[in-house]
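Worksheet: one structure, shown below.
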Amino acid sequence: MNALKTKGALAALALALGACGSQYRSAFSHHFLDNQELDLAAVLERLPEPAHDDRPQNALGAPIAVAATHVEDGGARQVVAWRLDRGERLWAVEVDAATQPEILGDVVFLSTREQLQAYDLASGRPLWQYRLPDLAYVGATRNGDTIFWSATVGALGGARRVGHIVAVDARSGAERWRHEVQGVFGQPAASGGYVFVPWERQNIAILDAATGDELARLRSTDDVVAWAFDHPTGIYYGGRSIYRLTHRSHSGTRAESTHVRPALGELPRQPESIWPDGYVPRPGARSARGRIRVYFNPAPAPDADSIHVEGDTYYFVYFRYVFAYSLDGVLRWARILEQDVANAEAMPHGLLTVGEQGRAVLLDRDSGNDRWTWDAGVAIASVGIDASGFDPAGDGGPARPLRQLLNEVVLDPDNRLVAARGYAIARLAELEEPEITRDLLDLYQQRAMPGALREAIRQALRTRRSGQPYLVEALARRYDFLQETESPPLEAIVPALLAMRHTESVPQLVNHLMNHETPAEVLPDLVDAIVQLGGADAVPALRRFLVLYRQDSLFAGPTEDRASSEGGQVERANPGARALALAARGIFEHGGPAGRELLASLSAERAPVHPPLREHIAGLYEAEQAAAERAEREEEAARQAALAAASAQAEAALPPRLSQEQVNATFHENADQLRECIADELERNERLAQVRVVFILENDGRASEVTVAPRSDELSRCLGERVAQIQFPRFRQRRMRATFVVSVRGGADAEATDTTQPALASRAPEGAPWFWYEQERARLRGVADQVPAVAAWWAERQPPAAATATAGSAVDTVECPPGMPEQVCRQRQAAAASGGAGGTASAGTSGGPAGAGTAGGAGGGTSGTATASAGGTAGTAGSGTSGSGTSGSGTSGSGTSGSGTSGSGTSGSSGGTPWWATASSDEDE
Amino acid sequence: MIVSHPTSHRPRAARVVLALVAALALLAGLAPSGAAAQRGRRRPTPAATPDAEGPTGPQPTVRDIDTIAARLSSTNGDEVREAIDLLSVIDHPSVVPHLATLLRSGRSDEVTDRALQALRGLAHPSAIEVLGEFAHHRRPRARRLAYQALAAVSDRRVPALLEQGLSDSDRSVRAQCARSLGEIGATGSVETLFVAFDRGIVEAAISIGKLGNRASIPRFHEYLGRVPLSVMLSGYAELVRRNDIPDDAKIEIIGRLGEISGDMVRVFLQRYLDTLPTGRTAERDRVRLAVIETLRRIPGHAGSARGTTVSTGAEGTR
């Protein structure tokens, strides 16, 4: 028994907890996953199919308006219901409505200061009341027999933020469920057994209408959810954009959701939301809130990816002005109504408006004309309308030109609505008819036109690109006291003409410049326009103006706004002085030498000119000079930059290190400096046969740490100093070691030094035995050892000129011997092309056995390997390419052997290494 | 008999009005009658004469013009002003181009005004062109001086230029032109002067009085009650003084003024009466009699029904 009791108690507790959970914890949890595709799909599954909004949603099925009246003489306020199609007053009850009455099926729902009240739609009989302490009612919706209402604290900010969403029986007010959260709720929407609750301006919680459990949640990740409403075509939500609830909505992003952003451009007092903010109750008393808003009515869309609007029209209401736009934002018409619009409803054929004095007007969608009007004869504070499908017979008649309609708006004397009138000016200026330019001028000259609108017209005129004749025509007017004519509005015309680049108007502008009736404030703009449009042609007029008034008291004062020395206040420029300064600038720019001469005289120290003007003129010269200097500096900077770029490019193009051929070539260019050192050493050392120079090359081309062999002090000092003075080509590597060898000995015996088999081959007698080479080599070595000291070659004749052959010619002349591998041949040709002498030197060194060339080189050379290499190259380069090239055989000079002269290779030195030197280098780093 | 009202017994407003009327009458009295006599009159220009207190050198002559004109280009304002004064003393048409060049070269207000005054003294038609230009100068005083100088020139183009000045936005310029039209006797400008009077240029009243004919008088009467009486009286003062206006017209004017009555009218008529000739013919002067009669009818007058006396002048009381 006890056990049974215990079990029963536990079950009751579990039930209680479960009930508690469903009531307070089944929704708006932070643990609930949002934007779940499956959750949303389940909801969409049960939503009704979209249908046309072609009949009222209320229980009477008739177009109904329920208004809270406005009583100006202190009487009691009422809520009154009308049937619009009959013009019939259904009922009226005395109640001080704090919010706009809402028509929810068969119930009229509103709030007073402390409670919610429900009335029967048909009779006005009170149904039920609900106390609402400390809470601000936000809005309600209905689905079936349940009304869902939300109330909140702190919707507009504040430390305390509490939101309530409550489901009650529509007829009895009995509560079915409720949620209270720490957050703010917007007005809910309901459809298909779901309640859609905007929450914290970012979420929409989708609740089960029967239980209040949250079934799905949408969260916008990149937009604001300011409102939501249900409609026969679907559930809509959004902020400045309109979203429709579709299977794409689970993305939570604007791009991926089904949405549209009405292209209405910049509206006056731009509404923050395209639909009234769902978090703020619609006031029941008169208020400016809601008087500026956009109206539209969704239409069924053929697919899930689009949103359609009834009549393809958006309406923008600004108190008592109405503007209608096509979907792409093109203004169709504008209307002025007699009364400020308390509320309106967009319908397929137009916009039904209810004015604050009770006048209802159905504006035709296409023309803006009245299709139907009715006057309730009651001052209205707020009104709820349910008139879908209301289409009274009647035709709006033909549409009037938009130009005319906008002119009427601009001319409307209601100075509360200046912003919208300015908006109409801007839209008027966008139209292309030339006559609009005249309209704008006429509007500008309306004496009652507020300053803000005059400025708007000035700006609008600047944007005009047609109607110049009207501006020019206006320019012809003159002030005349007797005739009572005013000066034309130059402050509006001149900038417009300038924007249009209307050069033909310059003479008339000049007339105004010289007319004393032209207001001084306009002079700067006038002069500026004359300068810009007239150019050099306007200079005479500018000169007259400048000269005439340069010292006049009316034109004294600063030419520019400037900070005063006292108190930092801005000292405004005198318009006259400013005009003179602009004229001076115009003369400076377009006046040529004569103009410059005039200005120079005016800027002189004691010239009879107002000091600020003199300073301004002097400043023109200084500015020009400064500009010239700046240009020069920029040019120099550009040049330096180009040089730097070229240098960087050249740096990048430098070789990593110098090739031996480049080292050789440098020595050849500086042979004269070295010659004396070696000649002196020859005098000291008759047996000197070779001088070897080893040194370090820095990458900037300087040589250092020069060592010389043989180690003669004199020779080392002499060569060390002179080699250090040689400027070698630059290279990228930081430093390298290089050598250079000077072969001093030469003559007939020199050939003996080359005992290579190829060198000997040319001299081998026909049929020589295989050992002939060894014998000959031994013989030659013996001869060399016995060679007596001889004078150096330059003791007898001058050294050859530097090699001059171009790389191209070298390539042309280098021929590969038969049988040489093609790759080797190419390398040889490339070496010849790149290095000139150097390339040939290496070729000579390595490829001496090049037939007649080698022979020729050997014959003509006086100096060992160098000679051989030169000859070799020349030989391989092919005889006759250089003809009687002087450097090769010529330098062989003392070459006495017939082979030297016979070898056409001697001429090849034009493309090869000079005869007197060869060198090698070793990589150091 | 002498009219002797202690002014201290009059109301303050009346004293102010009387002073204004007296000033207007004095102005009218100073202006010589006969508009035609005004045309082309050469006026000495005090500002354009050499310093009377300084050492007097030999009088400059035409031969000195170039020498003096060279000083006009000086940057020293005093030197320029002195040169202008010397040129104006030479008083020869060949001075005009130099002054015109000076004006067009754009100088300080003082120099510009001095040169315009010098041209006014020269009063030569060759100055019309540059004066016409300066009638559009942005500084109102320069325009006013230009119109004054134009008015001094005897040329058929001048009235049209002065009429143009009536359309100026500056009140003082309009007033100057309205006065000048009367002074030069531009009878062809009466219609324009009426338009100007209609537009509130009160100075036109005097000129209308000087230039208008018999037919202008009824039209002028229409402004009675619409413009201040002092303004109307300034025009009437000119009309009644003119010899070419018939006595009937003058008597009509006096009668209209009698209808208005008041201290201002009384003082006006009294002063007018003082200007009328006295002597044996005075007894038969219908205008004089009309004035006397009107004065008698004006309430509060010494000779009115309330027992005050009228100074007729004929009794040698002045």
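Within every chain, numbering begins at 1; the chains are lettered A, B, ... in the order of the sequence lines, protein sequences first and strands thereafter. Quick caveat: nothing in here was measured; it's all calculated off a predicted structure.
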Inset, instruction - Specify whether A:Phe555 and A:Tyr549 have parallel, tilted or perpendicular ring planes, treating 30° as the upper limit for parallel and 60° as the lower limit for perpendicular. - result: parallel

Legend entry - Segment of A:Ala556 engaging chain B (4.5 angstrom heavy-atom cut-off):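 Neither; nothing under 4.5 Å.
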
Under a 4.5 Å heavy-atom cut-off, does chain A meet the side chain of [X], its backbone, both or neither?
X: B:Phe197; value: neither
X: B:Arg199; value: both
X: B:Leu103; value: backbone
X: B:Ala142; value: neither

Inset, instruction - Mind ranking B:Thr192, B:Asp198, B:Asp168 by heavy-atom pairs under 4.5 Å with chain A and telling me who comes out on top? - result: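 Ranked by contacts with chain A, first place is B:Asp168.
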
Inset, instruction - Mind ranking A:Leu546, A:Thr485, A:Val609, A:Leu523 by heavy-atom pairs under 4.5 Å with chain B and telling me who comes out on top? - result: A:Leu523

Legend entry - For chain B, the option from A:Pro608, A:Ser553, A:Ala520 that forms the most heavy-atom pairs under 4.5 Å: A:Ser553

Inset, instruction - Using a strict 4.0 Å threshold on nitrogen-to-oxygen distance, state whether A:Glu517 and A:Arg478 make a salt bridge. - result: no

Legend entry - Salt bridge B:Arg139-B:Asp113, side-chain N to carboxylate O under 4.0 Å: yes

Legend entry - Passing option when B:Arg114 is tested against B:Asp85, B:Leu145, B:Leu119, B:Leu99 for side chain to side chain contact (heavy atoms under 4.5 Å, CB included):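 Going through the options one by one, the only one that passes is B:Asp85.
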
Inset, instruction - Scan B:Val80, B:Leu87, B:Leu86 and name whichever one has a side chain to side chain contact (heavy atoms under 4.5 Å, CB included) with B:Ile84. - result: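 Going through B:Val80, B:Leu87, B:Leu86 one by one, the side chain to side chain contact (heavy atoms under 4.5 Å, CB included) with B:Ile84 is satisfied by B:Val80 alone.
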
Legend entry - Check: B:His221 ring centroid to B:Tyr236 ring centroid under 6.0 Å: yes

